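Have a look at the structure below before the remarks.
Throughout, a chain's letter reflects where its sequence line sits, starting with A, and its residues are numbered from 1. Hydrogens, waters and symmetry mates are skipped; everything else that's a heavy atom, side chains included, is used. Small disclaimer: the values here were computed from a predicted structure and weren't measured.
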2 protein chains.
Amino acid sequence: MAYRKTERVEARLADNRQRILAAARELVSEGGWGEAQVSHVASAAGVATGSVYRYFPSKADLFVEVLSVVSQREVDVLEAIADNGDSPHQNLHVAISTFVARAMRNRRLAYALIAEPCEKEIDEARLVYRHAISKQIMRIVKEGQERGEFRADLDPSIAATIIVGGFMESLIGPLSPLNADFDASGPQGPEAVHALAGQIAEVCCAAVAR
Amino acid sequence: MAYRKTERVEARLADNRQRILAAARELVSEGGWGEAQVSHVASAAGVATGSVYRYFPSKADLFVEVLSVVSQREVDVLEAIADNGDSPHQNLHVAISTFVARAMRNRRLAYALIAEPCEKEIDEARLVYRHAISKQIMRIVKEGQERGEFRADLDPSIAATIIVGGFMESLIGPLSPLNADFDASGPQGPEAVHALAGQIAEVCCAAVAR
DNA sequence: TGATGAAGTGAATTTTGATTCATTAAGTGA
DNA sequence: TCACTTAATGAATCAAAATTCACTTCATCA
């Protein structure tokens, strides 16, 4: 009587969900939020529009999950850096330049997730991850202050917020699709990206260094 | 034959335009972009919905003008500070803390203009003014480098961008209507605002100081 | 004052996608 | 296989505002 899903079905459902998520992410990577329409996602994932709603309660929920998955990975990367036991000054530099370099690897996606105008609910989810990022930066700053590498007279929370705002803002220009050189094949070449990341990290480090 | 507007009419038209603009601004000040609907603006200005379109080609044009007027004033204030002949270090501090303090005077409006999710066209206009602000900050940074007050090894354009992103980001929390203490009557008291502005300016100055 | 050009009006239309839901297909257990 | 449950479909519906426009009112000028 009681209906039990078989493994096989369970797996197919999970796969459908993943495909929808992947299609959504892919569309944002290609065309930003403008492409992020439920009907587009559905056809990219090879399902009907209505089916998307069997897996996600709303468009916003779907895209918030896309953003969460991508953002959480970045938070994890920063956390690992903050934890690695090296000197705080070095860690702050590495954290920032790594974040910048990683963002530059998929510029269109990073632009959408960081800066592109989007609906309120997605925008609110952004804040959550900015906080999470800021928290990791703050940990590094605090440790630096304790170890005497950084100025002790600054509020670490404010400093971290400013640093995060600073490197995010400095990314907007380079990430922007409006940018002339947006689709140069070697997106400015790895060495240019490296140089940019270094510059940005340098300025941010200076804000707290002794 | 040819119809010539009299002074009287010209004045009334100009006045209508101003009233619409003022009403639009007022609505954003009160309820952010959520309240910024053409029909609301019209009734607040005491005209019919359709009349708004006699004065502005579209909603976006109307609100871009609102944003421009307010933002340009801020740019002018910064420009005056950059030009005042005092030491660059002092000027940078004054520029940032003044910006923060002024934003805190009308938090809801500042939040809408700086951070609140809004339509693409308005968001694009924001960028223009961020650039303009960044330019003034860059002038101060450059002069500081020339005078030897600031580190000469940083790219002034990147440094300015980071500084602007930094203090803008650090404003978002304090400005946000989501904030618990948003409508405390004395919005945290002038001395708290002053302290915050000072802290933010301090960190930003540190980013470029020698 | 009458003829004509502008301005003002606001209900109706348009637009843009998200969301629903009646229907069909597929899976389950006896 | 049958009776029943869940999944999938996609055209139709809905929603929320911006925008239009046929009509009314006001201004100008001979």
Between B/Gly34 and B/Pro57, which has a closest nucleotide on DNA chain D that is more 5'? B/Gly34
What integer distance in Å separates B/Lys59:NZ from C/dT15:P? 18 Å
Taking only side-chain N and O atoms of B/Tyr55, does any of them lie within less than 4.0 angstrom of OP1 or OP2 on C/dG8? yes
To the nearest angstrom, how far is B/Phe56 atom CZ from C/dG8 atom P? 13 Å
Separation of C/dA26 atom C1' from A/Glu10 atom CD, nearest Å, is 16 Å
Length of the CZ-C1' vector between B/Arg17 and C/dA7, whole Å: 16 Å
Using a cut-off of strictly less than 4.0 Å, decide whether A/Arg54 has a side-chain nitrogen or oxygen near OP1 or OP2 of D/dT9. no
So, OP1 or OP2 of D/dG10: does either fall under 4.0 Å of a side-chain N or O from A/Thr49? no
Closest nucleotide of DNA chain D for B/Val9 versus for A/Ser51: which of these residues is on the 5' side? A/Ser51
Does the side chain of B/Thr6 get closer than 4.0 angstrom to OP1 or OP2 of D/dT28 through an N or O atom? yes
Whole-Å gap separating C1' (C/dG27) and CG (A/Asn16): 14 Å
Closest-nucleotide 5' rank along DNA chain C - winner of B/Gly50 and A/Gly50: B/Gly50
Determine yes or no for a side-chain-to-main-chain donor-acceptor pair under 3.5 angstrom, with A/Arg126 supplying the side chain and A/Leu113 the backbone. yes
Distance, nearest 0.5 Å, that separates CD of A/Glu169 from CD1 of B/Ile163: 11.5 Å
Mark yes or no for whether A/Ser71, through its side chain, and A/Ser68, through its backbone, hold a donor-acceptor pair below 3.5 Å. no
OP1 or OP2 of D/dA27 under 4.0 Å from side-chain N/O of B/Arg12: yes
Fit a plane to each ring of A/Phe150 and A/His89, take the angle between them on a 0 to 90° scale, and name the class: parallel (under 30°), tilted (30 to 60°) or perpendicular (over 60°). tilted
Distance in angstrom units between A/His40 NE2 and C/dT16 P, rounded: 12 Å
Shortest side-chain distance from B/Lys5, nucleotide among D/dT9, C/dT9, C/dA7: C/dA7
Gap between atoms CG and C1', on A/Leu62 and C/dG17 respectively (whole Å): 15 Å
Integer-rounded Å distance: D/dT28 P and B/Glu7 CD: 11 Å
Does the pair A/Lys135 and A/Val75 meet the rule for a side chain to side chain contact (heavy atoms under 4.5 Å, CB included), with working shown? CA-CA 9 Å; A/Lys135 215 156 138 188; A/Val75 173; over 6 Å; no
By nearest-nucleotide position on DNA chain C, the 5'-leaning member of A/Gln37 and B/Leu13 is B/Leu13
With rounding to the nearest 0.5 angstrom, report the CG to CD1 distance, A/Leu67 to A/Ile114. 10.0 Å
Taking only side-chain nitrogens and oxygens of A/Tyr53, does any of them come within less than 4.0 Å of OP1 or OP2 of C/dT19? yes
Students often get this wrong, so: under 4.0 angstrom with heavy atoms, is B/Ala60 touching a base, only sugar-phosphate, or nothing? nothing
Over all strands shown, is A/Arg8 touching base, sugar-phosphate only, or nothing at heavy-atom distances under 4.0 angstrom? nothing
